[in-house]
Amino acid sequence: GEDVEQSLFLSVREGDSSVINCTYTDSSSTYLYWYKQEPGAGLQLLTYIFSNMDMKQDQRLTVLLNKKDKHLSLRIADTQTGDSAIYFCAELDRDDKIIFGKGTRLHILP
Amino acid sequence: KAGVTQTPRYLIKTRGQQVTLSCSPISGHRSVSWYQQTPGQGLQFLFEYFSETQRNKGNFPGRFSGRQFSNSRSEMNVSTLELGDSALYLCASSLGRTQETQYFGPGTRLLVL
């Protein structure tokens with residue numbers, strides 16, 4: 001079945017850029033998403049990208065999509081302590097279901 | 001606009017019992033999706049309801065069921081609870097189709113003893 005893979009942990013110094021990577025298997029995915037989950041909270045949609053796009057920028061967030069390699073990344077510029085959270089990559093599969101990765105826990109170093 | 005609300009926020013049950021969780025979507029949203037989140041399996045899709053009809057279903061046993069009412073509020077029910085059902089159950093609502101922005105509730109944390 002479809003699968004979404006991402007590394008479990010990432011540590012970044014405050015002020016640096018964070019890059020969270022994700023790979024997916026369903027080549028027919030039309031939408032790819034990045035969600036953020038803070039402790040004790042539900043998921044917050046950060047951004048999404050259509051499969052016919054290569055890049056999307058939204059303030060400090062940049063999403064890059066390499067459809068050939070089925071690779072998605074999220075770059076957070078000027079990482080702040082408030083960015084500390086779990087980031088989930090997700091794809092909309094051919095059956096119209098959203099498949100989530102297991103999440104990358106972003107830790108900010110002072 | 002009020003966000004997605006879920007009740008109760010926390011629940012403790014014992015094996016064999018059944019449980020009903022409730023989700024109230026954002027006003028005007030007609031689609032409600034349910035997810036189970038566990039440390040081991042991550043976020044897994046349970047089902048989606050749209051206009052009182054189940055539109056999509058994940059790979060969960062028949063013990064997991066749901067329904068949606070005419071006001072778009074949704075409930076999910078788990079019968080004959082097992083220890084492995086302990087999880088955070090998240091509900092998400094969207095205006096129409098799944099591809100649109102989904103707004104998540106805070107979740108119901110279920111502990112099965």
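A, B, ... follow the sequence lines: proteins, then strands. Residue 1 opens every chain. Because only heavy atoms are used, hydrogens play no part in the values below, and waters and symmetry mates are left out as well, while side chains stay in.
Summarising the geometry of B:F45 relative to A:I98, their closest heavy-atom pair is CB-O, 4.2 Å, with the distance given to 0.1 Å. Looking at every heavy atom in both residues, B:N56 comes nearest to A:D96 through ND2-O, 3.4 Å.
Counting Ile, Leu, Val, Met, Phe, Trp and Tyr side chains that sit under 4.5 Å apart, directly or through other members, B:F69 stands alone, with no cluster partners.
B:Q102 CD to A:Y33 OH: the interatomic distance, rounded to the nearest 0.5 Å, is 7.0 Å.
Around CZ of B:R73, the count of heavy atoms belonging to other residues, nucleotides or ligands within 6.0 Å exceeds 12. Environment of CZ in B:F50: crowded, with over 12 heavy atoms of neighbouring residues, nucleotides or ligands closer than 6.0 Å. The number of heavy atoms from other shown groups lying within 6.0 Å of CG (B:N59) does not exceed 12.
Tracing side-chain contacts under 4.5 Å through hydrophobic residues (I, L, V, M, F, W, Y), one never reaches A:L64 starting from A:L45; they form parts of separate clusters. Neither B:F47 nor B:F104 shares a network with the other; the hydrophobic side chains, linked directly or stepwise wherever heavy atoms of I, L, V, M, F, W or Y lie under 4.5 Å apart, form separate groups for each.
In this structure, chain A has heavy atoms under 4.5 Å from both the backbone and the side chain of B:L43. If you measure heavy-atom distances from B:R109 to chain A, you find no contacts under 4.5 Å at all. Looking at A:Q37, the atoms closer than 4.5 Å to chain B (heavy atoms on both sides) all sit in the side chain, from C-beta outward.
Between chain A and the options B:Q6, B:Q41, B:R9, B:Q37, the largest number of non-hydrogen pairs under 4.5 Å is found for B:Q37.
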